[in-house]
Protein chains: 2
Amino acid sequence: MDVFEAVAEPTRRHLISLLSERDHTAGELVDSLPALTQPAVSRHLRILREVGLVEARPDGQRRVYALRPDGLQRIDDWITPYRRFWRDHLTALEQHLENQ
Amino acid sequence: MDVFEAVAEPTRRHLISLLSERDHTAGELVDSLPALTQPAVSRHLRILREVGLVEARPDGQRRVYALRPDGLQRIDDWITPYRRFWRDHLTALEQHLENQ
DNA sequence: TAGTTGTATAACTAACTGCGTATATAAGCG
DNA sequence: CGCTTATATACGCAGTTAGTTATACAACTA
(Lines give C-alpha, C1' and ligand atoms only; values in the text may rest on other atoms or scores of the structure.)
Protein backbone atom coordinates (compact mmCIF):
# COMPACT_ATOMS: atom_id res chain seq x y z
CA MET A 1 0.00 0.00 0.00
CA ASP A 2 1.38 3.40 -0.96
CA VAL A 3 0.51 6.84 0.32
CA PHE A 4 -2.02 7.46 -2.48
CA GLU A 5 -4.02 4.38 -1.58
CA ALA A 6 -3.70 5.23 2.09
CA VAL A 7 -5.40 8.61 1.72
CA ALA A 8 -7.97 7.25 -0.74
CA GLU A 9 -9.84 5.76 2.22
CA PRO A 10 -12.28 8.22 3.86
CA THR A 11 -11.76 6.86 7.38
CA ARG A 12 -8.02 7.35 7.07
CA ARG A 13 -8.50 10.93 5.88
CA HIS A 14 -10.66 11.43 8.96
CA LEU A 15 -7.87 10.10 11.16
CA ILE A 16 -5.39 12.43 9.46
CA SER A 17 -7.73 15.35 10.13
CA LEU A 18 -8.00 14.46 13.81
CA LEU A 19 -4.22 14.12 14.13
CA SER A 20 -3.67 17.45 12.41
CA GLU A 21 -5.39 19.18 15.33
CA ARG A 22 -3.40 17.43 18.03
CA ASP A 23 -1.80 14.13 18.92
CA HIS A 24 -4.19 11.40 20.03
CA THR A 25 -3.85 8.06 21.75
CA ALA A 26 -5.12 5.07 19.84
CA GLY A 27 -8.03 4.84 22.24
CA GLU A 28 -9.04 8.44 21.64
CA LEU A 29 -9.08 7.79 17.92
CA VAL A 30 -11.22 4.70 18.44
CA ASP A 31 -13.67 6.79 20.48
CA SER A 32 -13.77 9.38 17.68
CA LEU A 33 -14.94 6.76 15.19
CA PRO A 34 -17.96 5.13 16.85
CA ALA A 35 -19.00 3.41 13.63
CA LEU A 36 -15.85 1.26 13.71
CA THR A 37 -14.53 -1.32 16.12
CA GLN A 38 -11.16 -0.99 17.85
CA PRO A 39 -9.39 -3.50 15.58
CA ALA A 40 -10.63 -1.69 12.48
CA VAL A 41 -9.17 1.60 13.68
CA SER A 42 -5.96 -0.14 14.72
CA ARG A 43 -5.52 -1.53 11.23
CA HIS A 44 -6.08 1.87 9.64
CA LEU A 45 -3.43 3.28 11.96
CA ARG A 46 -1.03 0.55 10.98
CA ILE A 47 -1.48 1.42 7.31
CA LEU A 48 -0.94 5.12 8.01
CA ARG A 49 2.23 4.19 9.92
CA GLU A 50 3.50 1.93 7.15
CA VAL A 51 3.21 4.65 4.50
CA GLY A 52 4.86 7.20 6.80
CA LEU A 53 1.86 9.45 7.33
CA VAL A 54 1.77 9.04 11.11
CA GLU A 55 4.04 7.83 13.85
CA ALA A 56 3.30 6.25 17.23
CA ARG A 57 5.25 6.72 20.41
CA PRO A 58 4.65 4.53 23.45
CA ASP A 59 3.35 6.23 26.57
CA GLY A 60 3.17 3.49 29.15
CA GLN A 61 0.32 1.27 28.21
CA ARG A 62 -0.87 3.59 25.46
CA ARG A 63 0.36 4.65 22.06
CA VAL A 64 0.28 8.29 21.13
CA TYR A 65 -0.19 8.91 17.42
CA ALA A 66 1.10 12.03 15.66
CA LEU A 67 0.97 13.27 12.08
CA ARG A 68 4.36 13.22 10.37
CA PRO A 69 5.32 16.44 8.60
CA ASP A 70 6.79 14.82 5.53
CA GLY A 71 4.11 12.21 4.90
CA LEU A 72 1.66 14.18 2.82
CA GLN A 73 4.43 16.02 1.08
CA ARG A 74 4.84 13.14 -1.33
CA ILE A 75 1.31 13.74 -2.59
CA ASP A 76 1.95 17.46 -2.78
CA ASP A 77 5.11 16.82 -4.80
CA TRP A 78 3.08 14.78 -7.23
CA ILE A 79 0.35 17.36 -7.62
CA THR A 80 2.69 20.35 -7.95
CA PRO A 81 3.45 20.00 -11.68
CA TYR A 82 -0.29 19.97 -12.39
CA ARG A 83 -1.13 22.94 -10.25
CA ARG A 84 -0.69 25.46 -13.02
CA PHE A 85 -3.32 23.52 -14.90
CA TRP A 86 -6.14 24.87 -12.79
CA ARG A 87 -4.42 28.02 -11.56
CA ASP A 88 -3.61 29.56 -14.90
CA HIS A 89 -6.01 27.63 -17.12
CA LEU A 90 -3.30 27.32 -19.72
CA THR A 91 -3.79 24.95 -22.58
CA ALA A 92 -1.73 21.79 -22.61
CA LEU A 93 0.28 23.09 -25.55
CA GLU A 94 1.14 26.34 -23.83
CA GLN A 95 2.32 24.47 -20.77
CA HIS A 96 4.45 22.20 -22.83
CA LEU A 97 6.14 25.11 -24.54
CA GLU A 98 6.68 26.87 -21.23
CA ASN A 99 8.63 23.90 -20.01
CA GLN A 100 11.17 24.16 -22.80
CA MET B 1 -15.33 5.93 -7.07
CA ASP B 2 -14.12 9.34 -5.99
CA VAL B 3 -11.17 11.41 -7.17
CA PHE B 4 -8.91 10.10 -4.40
CA GLU B 5 -9.44 6.48 -5.41
CA ALA B 6 -9.06 7.46 -9.05
CA VAL B 7 -5.56 8.84 -8.58
CA ALA B 8 -4.57 6.03 -6.20
CA GLU B 9 -4.11 3.77 -9.22
CA PRO B 10 -0.63 4.06 -10.80
CA THR B 11 -1.86 3.50 -14.35
CA ARG B 12 -4.34 6.33 -14.00
CA ARG B 13 -1.63 8.65 -12.67
CA HIS B 14 0.39 7.68 -15.74
CA LEU B 15 -2.54 8.64 -17.97
CA ILE B 16 -2.87 11.96 -16.15
CA SER B 17 0.82 12.60 -16.72
CA LEU B 18 0.52 11.90 -20.43
CA LEU B 19 -2.51 14.16 -20.73
CA SER B 20 -0.76 16.96 -18.89
CA GLU B 21 1.74 17.21 -21.73
CA ARG B 22 -0.85 17.33 -24.47
CA ASP B 23 -4.20 15.95 -25.48
CA HIS B 24 -4.21 12.36 -26.73
CA THR B 25 -6.63 10.17 -28.58
CA ALA B 26 -7.74 7.01 -26.82
CA GLY B 27 -5.66 5.00 -29.24
CA GLU B 28 -2.51 6.98 -28.50
CA LEU B 29 -3.01 6.33 -24.80
CA VAL B 30 -3.46 2.63 -25.47
CA ASP B 31 -0.19 2.62 -27.43
CA SER B 32 1.54 4.38 -24.52
CA LEU B 33 0.62 1.56 -22.15
CA PRO B 34 1.80 -1.62 -23.91
CA ALA B 35 1.34 -3.69 -20.76
CA LEU B 36 -2.43 -3.21 -20.92
CA THR B 37 -5.09 -4.16 -23.42
CA GLN B 38 -7.29 -1.60 -25.13
CA PRO B 39 -10.37 -2.37 -22.99
CA ALA B 40 -8.33 -1.97 -19.81
CA VAL B 41 -7.18 1.51 -20.84
CA SER B 42 -10.71 2.38 -21.94
CA ARG B 43 -12.04 1.49 -18.49
CA HIS B 44 -9.41 3.63 -16.77
CA LEU B 45 -10.38 6.52 -19.02
CA ARG B 46 -14.01 6.04 -18.13
CA ILE B 47 -13.18 6.26 -14.43
CA LEU B 48 -11.10 9.40 -14.98
CA ARG B 49 -14.05 10.89 -16.89
CA GLU B 50 -16.55 9.96 -14.19
CA VAL B 51 -14.59 11.70 -11.43
CA GLY B 52 -14.08 14.77 -13.60
CA LEU B 53 -10.33 14.49 -14.08
CA VAL B 54 -10.45 14.25 -17.87
CA GLU B 55 -12.89 14.94 -20.65
CA ALA B 56 -13.29 13.40 -24.08
CA ARG B 57 -14.36 15.18 -27.24
CA PRO B 58 -15.27 13.26 -30.37
CA ASP B 59 -13.09 13.82 -33.41
CA GLY B 60 -14.71 11.78 -36.13
CA GLN B 61 -14.07 8.18 -35.34
CA ARG B 62 -11.72 8.98 -32.48
CA ARG B 63 -12.03 10.41 -29.02
CA VAL B 64 -9.58 13.05 -27.92
CA TYR B 65 -8.92 13.07 -24.19
CA ALA B 66 -7.85 16.18 -22.27
CA LEU B 67 -7.04 16.90 -18.65
CA ARG B 68 -9.66 19.04 -16.93
CA PRO B 69 -8.28 22.05 -15.07
CA ASP B 70 -10.49 21.70 -12.02
CA GLY B 71 -10.24 17.95 -11.50
CA LEU B 72 -7.14 17.72 -9.38
CA GLN B 73 -8.00 20.89 -7.54
CA ARG B 74 -10.26 18.91 -5.23
CA ILE B 75 -7.24 16.99 -3.99
CA ASP B 76 -5.26 20.19 -3.66
CA ASP B 77 -8.08 21.74 -1.64
CA TRP B 78 -7.93 18.79 0.72
CA ILE B 79 -4.19 18.91 1.16
CA THR B 80 -3.99 22.68 1.63
CA PRO B 81 -4.81 22.78 5.36
CA TYR B 82 -2.01 20.28 6.01
CA ARG B 83 0.59 22.03 3.93
CA ARG B 84 1.89 24.08 6.84
CA PHE B 85 2.59 20.81 8.58
CA TRP B 86 5.60 20.08 6.45
CA ARG B 87 6.39 23.62 5.34
CA ASP B 88 6.79 25.17 8.77
CA HIS B 89 7.37 22.03 10.84
CA LEU B 90 5.18 23.47 13.53
CA THR B 91 4.00 21.20 16.29
CA ALA B 92 0.37 20.19 16.31
CA LEU B 93 -0.25 22.36 19.35
CA GLU B 94 1.20 25.45 17.74
CA GLN B 95 -0.97 24.94 14.70
CA HIS B 96 -4.03 24.53 16.83
CA LEU B 97 -3.35 27.77 18.67
CA GLU B 98 -2.67 29.57 15.40
CA ASN B 99 -6.12 28.67 14.20
CA GLN B 100 -7.83 30.36 17.16
C1' DT C 1 -22.86 -1.16 -48.98
C1' DA C 2 -19.15 -4.30 -47.14
C1' DG C 3 -15.12 -4.28 -44.77
C1' DT C 4 -12.04 -2.01 -41.58
C1' DT C 5 -10.69 0.86 -37.87
C1' DG C 6 -11.42 3.13 -33.32
C1' DT C 7 -13.55 2.87 -28.99
C1' DA C 8 -16.69 1.21 -25.48
C1' DT C 9 -19.16 -2.37 -23.00
C1' DA C 10 -20.28 -7.23 -21.22
C1' DA C 11 -19.11 -11.14 -18.74
C1' DC C 12 -16.06 -13.49 -16.04
C1' DT C 13 -12.24 -14.15 -12.78
C1' DA C 14 -8.34 -13.53 -9.52
C1' DA C 15 -6.68 -10.60 -6.23
C1' DC C 16 -7.32 -7.21 -2.85
C1' DT C 17 -9.70 -4.42 0.80
C1' DG C 18 -12.16 -3.46 4.88
C1' DC C 19 -14.98 -5.19 8.24
C1' DG C 20 -16.24 -7.94 12.59
C1' DT C 21 -15.24 -11.59 16.04
C1' DA C 22 -11.95 -13.79 18.51
C1' DT C 23 -7.52 -13.81 20.46
C1' DA C 24 -2.78 -12.42 21.57
C1' DT C 25 0.41 -9.26 23.76
C1' DA C 26 1.77 -6.07 27.05
C1' DA C 27 1.47 -2.73 30.65
C1' DG C 28 -0.83 -0.96 34.90
C1' DC C 29 -2.95 -2.21 39.41
C1' DG C 30 -4.76 -4.49 43.62
C1' DC D 1 1.16 -12.67 41.03
C1' DG D 2 -4.12 -12.64 39.03
C1' DC D 3 -7.13 -9.03 36.93
C1' DT D 4 -8.06 -5.21 34.10
C1' DT D 5 -6.97 -1.96 30.49
C1' DA D 6 -4.85 -0.64 26.04
C1' DT D 7 -3.52 -2.01 21.68
C1' DA D 8 -2.32 -5.18 18.01
C1' DT D 9 -2.88 -9.38 15.24
C1' DA D 10 -5.28 -13.69 13.14
C1' DC D 11 -8.85 -15.31 10.53
C1' DG D 12 -12.84 -15.63 7.68
C1' DC D 13 -16.17 -13.22 4.85
C1' DA D 14 -18.52 -9.94 1.67
C1' DG D 15 -17.77 -6.40 -1.53
C1' DT D 16 -14.82 -4.11 -4.86
C1' DT D 17 -11.26 -3.65 -8.35
C1' DA D 18 -8.49 -4.40 -12.32
C1' DG D 19 -7.47 -7.45 -15.61
C1' DT D 20 -8.69 -10.56 -19.64
C1' DT D 21 -11.43 -12.22 -23.86
C1' DA D 22 -15.32 -11.58 -26.58
C1' DT D 23 -18.47 -8.57 -28.57
C1' DA D 24 -21.07 -4.34 -29.67
C1' DC D 25 -21.23 0.12 -31.64
C1' DA D 26 -19.91 3.82 -34.54
C1' DA D 27 -17.48 6.10 -38.07
C1' DC D 28 -14.42 6.14 -41.92
C1' DT D 29 -13.17 3.93 -46.70
C1' DA D 30 -13.06 1.52 -51.06
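In the text below, chain A, chain B and the rest are named by the order of the sequence lines, each starting its count at 1.
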Under 4.0 Å between a Lys/Arg side-chain N and an Asp/Glu carboxylate O for [X] and [Y]?
X: A:R57; Y: A:D23; answer: yes
X: B:R62; Y: B:E28; answer: no
X: A:E50; Y: A:R46; answer: yes

Next item on the list: Give the rounded distance in Å between these two atoms: CD of A:Q38 and P of C:dT21.
Entry: 12 Å
Checklist line | Spacing of B:I47 atom CD1 and B:R12 atom CZ [to the nearest 0.5 Å] | finding: 4.5 Å
Note to self: Any base atoms under 4.0 Å from A:R46, or only sugar-phosphate, or nothing? Heavy atoms, all strands.
What the structure shows: sugar-phosphate
Next item on the list: By nearest nucleotide on DNA chain D, pick out whichever of B:E9 and B:D59 is the more 5' one.
Entry: B:E9
Check: What are the 5'-most and 3'-most nucleotides of DNA chain D lying under 4.0 Å from any heavy atom of chain B?
Finding: D:dT17 to D:dC28
Notebook entry, point to check: Does A:Q73 use its side chain to pair, donor to acceptor, with the backbone of A:D76 at less than 3.5 Å?
Noted result: no
Next item on the list: State whether the side chain of A:R68 and the backbone N or O of A:E55 hold a donor-acceptor pair below 3.5 Å, judged by distance alone.
Entry: no
Next item on the list: Find which nucleotide of DNA chain C each of A:R62 and A:P39 is nearest to by heavy atoms, and output the residue with the more 5' nucleotide.
Entry: A:P39
Next item on the list: Identify, residue by residue, the members of residues 1-8 of chain A with a heavy atom below 4.0 Å from DNA chain D, and return them in order of residue number, or none.
Entry: none
